[in-house]
Peer 1: 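My questions all concern the structure below.
Computed over heavy atoms, backbone and side chain alike; hydrogens, waters and symmetry mates excluded.
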Amino acid sequence: AHTIVLTASGSIITWGANGFGQCSRASVAPHVAPARPRFFADEKLVSVSCGGVHTLVLTAAGRLLAFGCNAAGQLGAGSISSSVQPVPQMVGLPLGAVVAQIACGEEFSCVLLSDGCLLTWGFGGCGQLGHGSRRSLRQPTQVECDAKLKHVACGAGHMVAVTADGSLLRWGYEGTWDALQQRVHKMTELNADESSITGLDMRPRSTTLETADSASMGSRRAALRVAA
């Protein structure tokens with residue numbers, strides 16, 4: 001496992017496993033001491049997301065960079081490779097795309113654009129890319145969805161998204177292969193409750209959502225078990 005902290009000044013501090021360069025540090029040995037990678041000396045970063053053995057970062061200039069393992073195409077480089085990749089690589093996005101959010105799963109990646117469109121890529125064997133198949137993708141590909149999305153979160157092999165009207169969508173691994181085969185071909189809407197969904201938190205096999213309680217003007221959290 002690796003850890004990356006984004007500081008208030010826009011730099012990152014990394015430590016932990018670095019066998020594929022996921023900490024963006026030259027040595028593949030585990031790094032116990034937190035340190036700033038030299039590759040970002042001239043970049044101000046605004047967001048970071050860690051996958052299993054890869055990382056995405058978004059710069060203040062709007063550039064999306066990826067580093068670490070690319071065995072499943074999760075770096076979005078248009079190819080696959082199991083070699084060490086500590087040097088940040090530019091992820092190719094559609095011309096004019098403005099990134100609103102970045103997120104990583106175990107071996108896949110996604111970006112939510114400011115217009116509510118979602119792009120996913122990497123390992124798709126659990127249907128987690130949302131394209132109606134279990135095919136893996138080597139570069140960002142737009143998910144077909146009638147609704148505009150405002151927030152997304154990735155688990156190890158599944159995704160959840162909040163739509164602009166507060167509905168919740170889920171797709172990917174659901175705990176058994178039988179359930180996967182029944183559900184992988186379309187997103188499934190969850191009726192969380194009548195409150196507006198305000199936040200998401202993902203774990204490898206569960207999803208926690210936060211909703212606004214209109215009666216008390218407070219908030220509450222409920223866990224949705226996605227896999228046993």
Peer 1: Please check this pair: side chain of E43 against backbone of T59, looking for a donor-acceptor N/O pair closer than 3.5 Å.
Peer 2: no

Peer 1: Can you tell me how far NZ of K44 sits from OG1 of T7, rounded to the nearest 0.5 angstrom?
Peer 2: 9.5 Å

Peer 1: With heavy-atom distances below 4.5 Å as the criterion, would you say the side chains of L65 and F40 are in contact?
Peer 2: yes

Peer 1: I need the H31 NE2 to C23 SG distance, nearest 0.5 Å.
Peer 2: 6.5 Å

Peer 1: Using the rule that Ile, Leu, Val, Met, Phe, Trp and Tyr join whenever any side-chain heavy atoms are under 4.5 Å apart, tell me whether V111 and V91 fall into a single cluster.
Peer 2: yes

Peer 1: List the atom of C104, the atom of C154, and the distance in Å for their closest heavy-atom pair.
Peer 2: O-CB, 3.4 Å

Peer 1: Looking at CZ of R170 and NE2 of H158, how far apart are the two atoms once the value is rounded to the nearest 0.5 Å?
Peer 2: 9.5 Å

Peer 1: Any chance you could measure I4, atom CD1, to L56, atom CG, to the nearest 0.5 Å?
Peer 2: 10.0 Å

Peer 1: Flag the pair I80 / R138 as yes when at least one side-chain heavy-atom distance between them is below 4.5 Å, and no otherwise.
Peer 2: yes

Peer 1: Should L45 and L6 be marked as a side chain to side chain contact (heavy atoms under 4.5 Å, CB included) after you check the CA-CA gap, both sets of side-chain angles, and the distance that decides it?
Peer 2: CA-CA 8 Å; L45 307 179; L6 177 64; 3.9 Å; yes

Peer 1: Are side-chain heavy atoms of S24 and T55 found at a separation under 4.5 Å?
Peer 2: no

Peer 1: Taking the side chain as everything from C-beta on, heavy atoms only, tell me whether W121 gets closer than 4.5 Å to P140.
Peer 2: yes

Peer 1: For residues L112 and V143: do they belong to one hydrophobic cluster (side chain heavy atoms under 4.5 Å, members Ile, Leu, Val, Met, Phe, Trp, Tyr)?
Peer 2: yes

Peer 1: Have a look at T120 and tell me which of H131, Q128, Q142 forms a side-chain contact (heavy atoms from CB on, under 4.5 Å) with it.
Peer 2: H131

Peer 1: Run the side chain to side chain contact (heavy atoms under 4.5 Å, CB included) test on H2 and C50 for me, step by step, so that the C-alpha distance in whole Å, both residues' side-chain angles and the decisive distance to 0.1 Å come before the verdict.
Peer 2: CA-CA 8 Å; H2 67 295; C50 296; 3.7 Å; yes

Peer 1: Checking side chain to side chain contact (heavy atoms under 4.5 Å, CB included) for the pair L64/I102: CA distance, chi angles, key distance, verdict?
Peer 2: CA-CA 9 Å; L64 182 63; I102 62 176; 3.7 Å; yes

Peer 1: To the nearest 0.5 angstrom, please state how far the CG atom of L137 sits from the CD atom of Q74.
Peer 2: 12.0 Å

Peer 1: Report whether V28 and V87 are members of the same hydrophobic cluster (ILVMFWY, side-chain heavy atoms less than 4.5 Å apart, transitive linking).
Peer 2: no

Peer 1: Going only through I, L, V, M, F, W and Y residues with side-chain contacts under 4.5 Å, is there a path from L169 to F108?
Peer 2: yes

Peer 1: Between N18 and R25 (side chain of the first, backbone of the second, donor and acceptor by atom type, cut-off under 3.5 Å), is there such a pair?
Peer 2: yes

Peer 1: Between N70 and S82, is there a donor-acceptor pair closer than 3.5 Å when you use the side chain of the first and the backbone of the second?
Peer 2: no

Peer 1: Tell me the closest heavy-atom pair linking L118 and C110, and the distance in Å.
Peer 2: CD1-CB, 4.0 Å

Peer 1: Hey, could you give me the CD/SG distance between E106 and C69, rounded to the nearest 0.5 Å?
Peer 2: 10.0 Å

Peer 1: For a quick test of reading the model, state the closest non-hydrogen atom pair linking S136 to G124 and the distance between them.
Peer 2: OG-N, 3.0 Å

Peer 1: Linking I/L/V/M/F/W/Y whenever their side-chain heavy atoms sit closer than 4.5 Å, directly or via other members, would L58 and F67 fall into one cluster?
Peer 2: no

Peer 1: State, with a plain yes or no, whether a side-chain heavy atom of W171 is found less than 4.5 Å away from one of V160.
Peer 2: no

Peer 1: Not counting sequence neighbours, which residues clear ring pair (Phe, Tyr, Trp, His ring centres under 6.0 Å) with F39? List them please.
Peer 2: none

Peer 1: Do the side chains of K148 and T163 get nearer than 4.5 Å, heavy atoms only?
Peer 2: no

Peer 1: Taking the side chain as C-beta and beyond, is there a heavy-atom pair between L93 and L119 under 4.5 Å?
Peer 2: yes

Peer 1: Can you list the steps and then say if F123 with L129 is a side chain to side chain contact (heavy atoms under 4.5 Å, CB included)?
Peer 2: CA-CA 8 Å; F123 180 67; L129 299 186; over 6 Å; no

Peer 1: Report yes if the side chains of H54 and S109 come closer than 4.5 Å at any heavy-atom pair, otherwise no.
Peer 2: yes

